[in-house]
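To start, the structure under review is shown below, and the notes come after it.
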There are 2 protein chains.
Amino acid sequence: MSKQELEVIGQDADGACCRGLASAPLAEDQAVELAKAFKALGDPVRLRLLSMIASREGGEVCVCELTPAFELSQPTISHHLKLLRQAGLIDCERRGTWVYYWVLPGVLDRLGAFLTTPEPVGVTT
Amino acid sequence: MSKQELEVIGQDADGACCRGLASAPLAEDQAVELAKAFKALGDPVRLRLLSMIASREGGEVCVCELTPAFELSQPTISHHLKLLRQAGLIDCERRGTWVYYWVLPGVLDRLGAFLTTPEPVGVTT
């Protein structure tokens with residue numbers, strides 16, 4: 001449950017952001033990494049959990065505030081949160097009785113930029 | 001295989017774009033719709049297929065050009081393309097012997113915008 005060293009989605013080893021989906025055909029290893037993140041987003045409960053965490057002012061949400069929004073058991077919610085964490089989208093920390101969750105900085109923006117069509121070269125807006 | 005009326009991801013009934021993931025907690029029905037698109041992206045082969053189509057100058061790719069890039073059977077590739085189509089990401093048309101694929105206009109940009117953190121209100125860059 002402690003903070004982990006999580007892979008930074010959409011970044012190459014040198015820290016430069018990978019090219020977008022529509023820039024050039026995606027390399028196989030990049031596709032494997034990015035598919036993990038999108039697979040984690042490919043479930044309505046996980047999308048709602050992520051949105052609840054991402055939209056929270058202050059950036060942190062106690063698991064005790066997430067569970068009541070769903071008609072699902074605490075273990076089921078915890079499982080979905082674990083999948084979001086394993087995909088490198090969120091992280092968490094236990095403080096006393098409760099676990100607090102937050103979105104890893106920049107990760108959603110990098111995924112968003114990856115999907116967004118690049119501006120044509122030479123065109124300024 | 002003909003052109004279909006596909007749901008426009010990330011748009012409300014009135015055509016206005018839905019709010020982003022980090023703007024406010026996502027409604028259940030929106031989460032169901034958006035999860036379909038992300039689930040389709042949650043596979044390395046489908047991500048690579050989509051990237052090959054999206055990055056093609058002219059915007060259209062013959063299935064005969066997609067299949068040789070993978071060590072997979074033609075039916076398997078066709079199945080992945082069908083899932084991308086059912087998710088509202090691409091469309092296709094048969095012309096003679098071959099089927100041609102293209103990305104539906106704006107759909108990737110809308111998904112990208114959905115993931116991207118909105119600018120704070122009152123902040124100009």
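First the proteins, then the strands, lettered A, B, ... as listed; each starts at 1. Note that the structure is a prediction, hence the values are computed from the model and not measured.
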Path from B/Val45 to B/Val63 over hydrophobic side-chain contacts below 4.5 Å: yes
Let me confirm one number: the OG1-CZ distance from A/Thr116 to B/Phe114, rounded to the nearest 0.5 Å. 13.0 Å
Spacing of CG belonging to A/Leu111 relative to CG belonging to B/Leu111, to within rounding of 0.5 Å: 11.0 Å
NZ on A/Lys39 to NZ on B/Lys39, rounded to 0.5 Å: 9.0 Å
Heavy-atom nearest pair, B/Pro44 first then A/Ala31, reads O-CB, 3.7 Å
Same hydrophobic cluster for A/Val32 and A/Leu26, using side-chain heavy-atom links shorter than 4.5 Å among ILVMFWY? no
Please flag which part of A/Thr117 lies under 4.5 Å from any non-hydrogen atom of chain B: side chain, backbone, both or neither. both
Could you see if A/Leu72 belongs to whatever hydrophobic cluster contains A/Leu83? Use Ile, Leu, Val, Met, Phe, Trp, Tyr and a side-chain cutoff under 4.5 Å. no
Max heavy-atom pairs within cutoff under 4.5 Å with chain B, candidates A/Met52, A/Arg48, A/Arg56, A/Arg46, goes to A/Arg48
Under a single-linkage definition using a 4.5 Å side-chain heavy-atom cutoff for Ile, Leu, Val, Met, Phe, Trp and Tyr, are B/Leu47 and B/Trp102 assigned to the same hydrophobic cluster? yes
Against chain A, work out which of B/Ala69, B/Ser55, B/Ala40 has the most heavy-atom pairs shorter than 4.5 Å and name it. B/Ser55
Mind checking the CZ-CD spacing from A/Phe70 to B/Glu28? Nearest 0.5 Å is all I need. 8.0 Å
Can you say whether B/Asp43 sits under 4.5 Å from chain A via the side chain, the backbone, both, or neither, judging by heavy atoms? backbone
Mind checking the CG-CG spacing from B/Leu115 to A/Leu41? Nearest 0.5 Å is all I need. 6.0 Å
What residue in B/Ser51, B/Gly112, B/Pro25 has the most heavy-atom pairs under 4.5 Å with chain A? B/Ser51
Can you confirm whether B/Leu21 sits close enough to A/Leu50 that some side-chain heavy atom of one is under 4.5 Å from a side-chain heavy atom of the other? yes
